2 protein chains.
Amino acid sequence: MKKPQDKTARMTKALREGGVRVTRQREALLKVLTEAADHPDAAELHRRAQVLDDTVSLATVYRTLTVLEREGVVHRHSFESGGARFEVADPVHHDHIVDIDTGHIIEFRNDKIEELQRLIAAEMGYEIVHHRLELYCRKLA
Amino acid sequence: MKKPQDKTARMTKALREGGVRVTRQREALLKVLTEAADHPDAAELHRRAQVLDDTVSLATVYRTLTVLEREGVVHRHSFESGGARFEVADPVHHDHIVDIDTGHIIEFRNDKIEELQRLIAAEMGYEIVHHRLELYCRKLA
DNA sequence: GTTTATGCAAACTCTTTGCATGTAG
DNA sequence: CTACATGCAAAGAGTTTGCATAAAC
């Protein structure tokens, strides 16, 4: 069982070492991000962060998310509808299943599919820098 | 060698049978779409369609693309940056490699990867309705 | 003739930015 | 103390929409 506070501590350390200032607002956002079990968008992160610190503005949420993404501690996804959604970067890459009826997002990882992608790209003379695989699904009866 | 005019003819037929009116503007857009070897966005399609019919407005381009997508003759993609990009629906599904240096988009199809996706979804109790696989790549040296 | 599509401009959503002020290191 | 981060409001990009007019069937 990984404790969220450990994650936050590791993240703030990584940020400071990257020359990034850890402000009250950024601490609030980091806490909200590490505690999120879902994939919230910027507005939702703003709402959650304001509970912890009501001075957090939406502009800062966006600016901070950009910084966190650049520092590699957050991943940005854009699923089929709506704006960008965010999650704390997982050291192990995973893909997503989107339940088109409920909107729920499920993570999965499959080494075979990762390897196949690498092979396909290589056959075409390419090396994968990053990729995106989303399965839009419906629950089986 | 498939002739573009055949494609357009088939598409207009499908549209009329779907109760959709085929206007001058829609004809221009269909022609531009079938002749496109790339994946243009709405603004680019607007530019190209205006060469054929200068009364085509951007609003109509958007409205028509929505109709064409609903009728199944066009696919809409949203790659990592910029707005939506469109292509005539391919009867055989394909995925995309995006060259991150040039922006070029290459299509590919791989049955094994399609099958793997189906298996993964099934294992989680899901059936795939549609999916999206994009490989953001760099040319190998 | 009816019903649907169009152009235009305004509105909308999501995101970014300029600027004066605040604050982390 | 100085450089960087912030809030606010305004601007931006991409897309949609209300309305009066035009045209497909």
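Every value quoted in this text rests on a predicted model; they were computed, and no experiment measured them. Scope of the values below: all heavy atoms of this structure, side chains included, with no hydrogens, waters or symmetry mates. Every chain is numbered from 1 and lettered A, B, ... according to where its sequence line falls, protein lines coming before strand lines.
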| said: For D/dG18, does the base pair up with any side-chain atom of B/Arg63 as donor and acceptor (N or O, under 3.5 Å, distance only)? | reply: yes
| request: Mind calculating the distance between CG (A/Leu45) and C1' (C/dC14) to the nearest angstrom? | output: 14 Å
| query | How close or far is atom C1' of C/dC14 from atom CD of A/Glu80, stated in whole angstroms? | reply | 18 Å
| remark: When rounded to whole Å, the CD to P distance for the pair B/Glu69 and D/dT15 reads 12 Å
| request: Using a 4.0 Å heavy-atom cut-off across all strands, classify B/Ala43 as base, sugar-phosphate, or nothing. | output: nothing
| query | Looking only at atom types and distance, does a side-chain atom of B/Tyr136 sit under 3.5 Å from a main-chain N or O of B/Glu80, one as donor and one as acceptor? | reply | yes
| query | Any idea which of C/dT17, C/dG25, D/dT6 is nearest the A/Arg21 side chain? | reply | C/dG25
| query | To the nearest angstrom, how far is B/Leu58 atom CG from C/dA10 atom P? | reply | 16 Å
| Is A/Glu115 paired with A/Arg118 through a side-chain N to carboxylate O contact shorter than 4.0 Å? | yes
| message | Using modelled atom types and a 3.5 Å cut-off, is there a donor and acceptor pairing between side-chain atoms of A/Thr64 and backbone atoms of A/Thr60? | response | yes
| task | Take atom CZ of B/Arg16 and atom P of C/dA5, then tell me their distance rounded to the nearest Å. | result | 13 Å
| field | For atom OH of B/Tyr62 and atom P of C/dC12, their distance in whole Å | value | 18 Å
| task | Check whether any side-chain nitrogen or oxygen of B/Thr23 sits under 4.0 Å from OP1 or OP2 of C/dT4, and answer yes or no. | result | no
| field | B/Ser57 side chain, from C-beta outward: closest of C/dC8, C/dA5, C/dT17 | value | C/dC8
| query | Between D/dA22 atom C1' and B/Arg26 atom CZ, what is the distance in whole Å? | reply | 14 Å
| Does a side-chain N-to-carboxylate-O contact under 4.0 Å join A/Arg132 and B/Glu134? | yes
| Under 4.0 Å between a Lys/Arg side-chain N and an Asp/Glu carboxylate O for A/Glu44 and A/Arg48? | yes
| message | Quick check on DNA chain D: between B/Gln25 and A/Val20, whose nearest nucleotide comes earlier from the 5' end? | response | A/Val20
| Spacing between B/Phe86 atom CZ and D/dT15 atom P, to the nearest angstrom | 6 Å
